[in-house]
Colleague: 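Let me begin by handing over the structure; questions about it come next.
Counting from 1, the numbers follow the sequence of the chain as shown.
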Amino acid sequence: MRTIVSSITTFVFCLIAGLVIALQVSNVQYSDGIGLISVNEVKDYEEKLQEIRNEKESARQTLSKIESEKMKIEEDITNESFYLKAQIADLEKYKMSAGVYDVKGPGIVITINEPDYIKEYGLEGESNILPNYHLLLGLVNYLRKSGAEAISINDQRIIATTEFNYVGDAIYINRLPTVPPYNIKAIGDPDTLEPMLNIRYGILDVMRNQYGLKVHLEKEEEVEIPRYYNNLNYKYAKPVENN
């Protein structure tokens with residue numbers, strides 16, 4: 001009887017001891033084979049790992065936002081650059097129209113001289129060109145209407161403010177005296193300029209047949225025209241400021 005009771009007691013004791021050991025084992029994990037790490041420590045590590053992951057995601061989102069802003073700035077700079085280039089191109093056109101630059105390109109060259117009979121009859125001091133300088137003005141207008149992009153007369157660049165005045169024995173162009181023969185250069189499409197000027201009853205026809213002037217026109221692959229050398233001074237005109 002005592003043996004049975006002793007066996008039962010031993011069994012119960014072993015069962016309780018096993019349960020206690022099992023509970024302790026379930027509350028621990030092996031770390032690296034050296035020591036044991038508690039479940040609470042593992043949870044702390046997991047929480048810290050999650051924090052690091054959250055910080056990484058936050059940093060990734062911040063980087064993405066910065067990259068988007070960078071792309072927008074680059075796009076704005078590019079658009080501004082295109083706008084600036086367009087403005088510079090327009091400015092260059094205005095400078096060319098104002099005669100600021102020497103220019104060259106295809107065009108025509110016209111030479112106008114006095115009639116032969118002036119020399120033949122010894123009419124020194126006589127002129128068919130000088131008192132009729134309006135013919136030069138008419139020629140300039142014809143050239144402009146025909147598409148000439150730059151014009152010069154005896155190397156005087158013709159611009160919007162160019163003046164023509166007949167004084168004494170010379171025609172003053174840009175306030176400088178010029179005398180025959182007159183060498184007119186125009187840059188533009190030669191195949192357009194030439195027929196427009198040589199049409200019947202056109203300006204060159206009038207010069208030849210009504211005034212007896214010697215007129216010769218040549219188409220050229222490259223014509224050089226100098227810049228306007230005088231200063232442009234505006235005493236009264238001022239730009240309007242936009243509010």
Colleague: Could you state the interatomic distance from CD1 (Ile203) to CG (Leu135), rounded to the nearest 0.5 Å?
Modeller: 5.5 Å
Colleague: Would Tyr228 and Asn174 satisfy side-chain contact (heavy atoms from CB on, under 4.5 Å), going step by step from the backbone distance to the final call?
Modeller: CA-CA 9 Å; Tyr228 178 80; Asn174 294 331; 3.5 Å; yes
Colleague: Would you say the side chain of Asn113 lies within less than 4.5 Å of the side chain of Tyr182, judging by non-hydrogen atoms?
Modeller: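 They are not in side-chain contact.
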Colleague: Are more than 12 heavy atoms, taken from residues, nucleotides or ligands other than Glu221, located less than 6.0 Å from that residue's CD atom?
Modeller: no
Colleague: Would you mind reporting whether Leu136 and Ile112 have side-chain heavy atoms less than 4.5 Å apart?
Modeller: yes
Colleague: Looking only at heavy atoms, which two atoms of Ser146 and Met196 are closest? And how far apart?
Modeller: OG-CB, 3.3 Å
Colleague: For the residue pair Ile171 and Thr178, what are the closest heavy atoms and their distance?
Modeller: O-OG1, 2.7 Å
Colleague: Considering non-hydrogen atoms only, spot the tightest contact between Tyr166 and Ala170 and give its length.
Modeller: CD1-O, 3.5 Å
Colleague: Between Glu218 and Thr111, is any pair of side-chain heavy atoms under 4.5 Å apart?
Modeller: no
Colleague: Go through the steps to decide whether Ile173 and Asn165 satisfy the test side-chain contact (heavy atoms from CB on, under 4.5 Å), and finish with yes or no.
Modeller: CA-CA 7 Å; Ile173 301 175; Asn165 292 300; over 6 Å; no
Colleague: Is Tyr229 reachable from Leu176 through a run of hydrophobic residues whose side-chain heavy atoms are each under 4.5 Å from the next?
Modeller: no
Colleague: Leu217 vs Leu204, test: side-chain contact (heavy atoms from CB on, under 4.5 Å). Steps then yes/no.
Modeller: CA-CA 9 Å; Leu217 184 152; Leu204 297 188; 3.8 Å; yes
Colleague: What's the shortest heavy-atom distance between Leu143 and Ile108, and which atoms?
Modeller: CD2-CD1, 3.9 Å
Colleague: Quick one: do Ile199 and Asp205 satisfy side-chain contact (heavy atoms from CB on, under 4.5 Å)? Show the steps, please.
Modeller: CA-CA 7 Å; Ile199 60 173; Asp205 187 64; over 6 Å; no
Colleague: With heavy-atom distances below 4.5 Å as the criterion, would you say the side chains of Ser152 and Asn183 are in contact?
Modeller: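 They are not in contact (no side-chain heavy atoms under 4.5 Å apart), so the answer is no.
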Colleague: Give a yes/no verdict on a cation-pi contact between Arg208 and Tyr211, requiring under 6.0 Å between NZ or CZ and the six-membered ring centre and an angle within 45° of the axis.
Modeller: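 No, Arg208 and Tyr211 do not form such a contact.
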Colleague: Using the test salt bridge (charged side-chain N to carboxylate O under 4.0 Å, His left out), find all partners of Lys145 that sit at least two apart in sequence or belong to another chain.
Modeller: none
Colleague: Measure across Arg157 and Ile225 and return the closest heavy-atom pair with its distance rounded to 0.1 Å.
Modeller: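 Nearest pair, atom of Arg157 first, then Ile225: CD-CG2, 3.5 Å.
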Colleague: Measuring from Ile158:CD1 to Phe164:CZ, what's the distance to the nearest 0.5 Å?
Modeller: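 Answer rounded to 0.5 Å: 4.0 Å.
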Colleague: Where do Val206 and Tyr201 come nearest, in terms of heavy atoms and distance?
Modeller: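 The pair with the smallest heavy-atom distance is CG2-O, 4.0 Å.
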Colleague: Nearest 0.5 Å please: distance from the NZ atom of Lys104 over to the CD atom of Glu222.
Modeller: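 If I round to the nearest 0.5 Å, the distance is 4.5 Å.
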Colleague: Mind checking whether Asp116 and Lys214 have side chains closer than 4.5 Å, heavy atoms only?
Modeller: yes
Colleague: Taking the side chain as every heavy atom from C-beta outward, state whether Leu213 and Pro115 have any pair of such atoms under 4.5 Å apart.
Modeller: yes
Colleague: Under 3.5 Å, is there a donor on one side chain and an acceptor on the other for Ser127 and Glu114?
Modeller: yes
Colleague: Given side chains that start at C-beta, do those of Val109 and Ile184 come closer than 4.5 Å, heavy atoms only?
Modeller: no
Colleague: Among the clusters formed by ILVMFWY side chains lying less than 4.5 Å apart, do Val179 and Tyr172 turn up in the same one?
Modeller: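 No, no single cluster joins them.
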Colleague: So how far is it from Lys185 NZ to Asn154 CG, rounded to the nearest 0.5 Å?
Modeller: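 Reported to 0.5 Å precision, the distance equals 9.5 Å.
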Colleague: Mind checking whether Ile151 and Ile187 have side chains closer than 4.5 Å, heavy atoms only?
Modeller: no
Colleague: Roughly how far, to the nearest 0.5 Å, is CG of Asn128 from CE of Met207?
Modeller: 12.0 Å
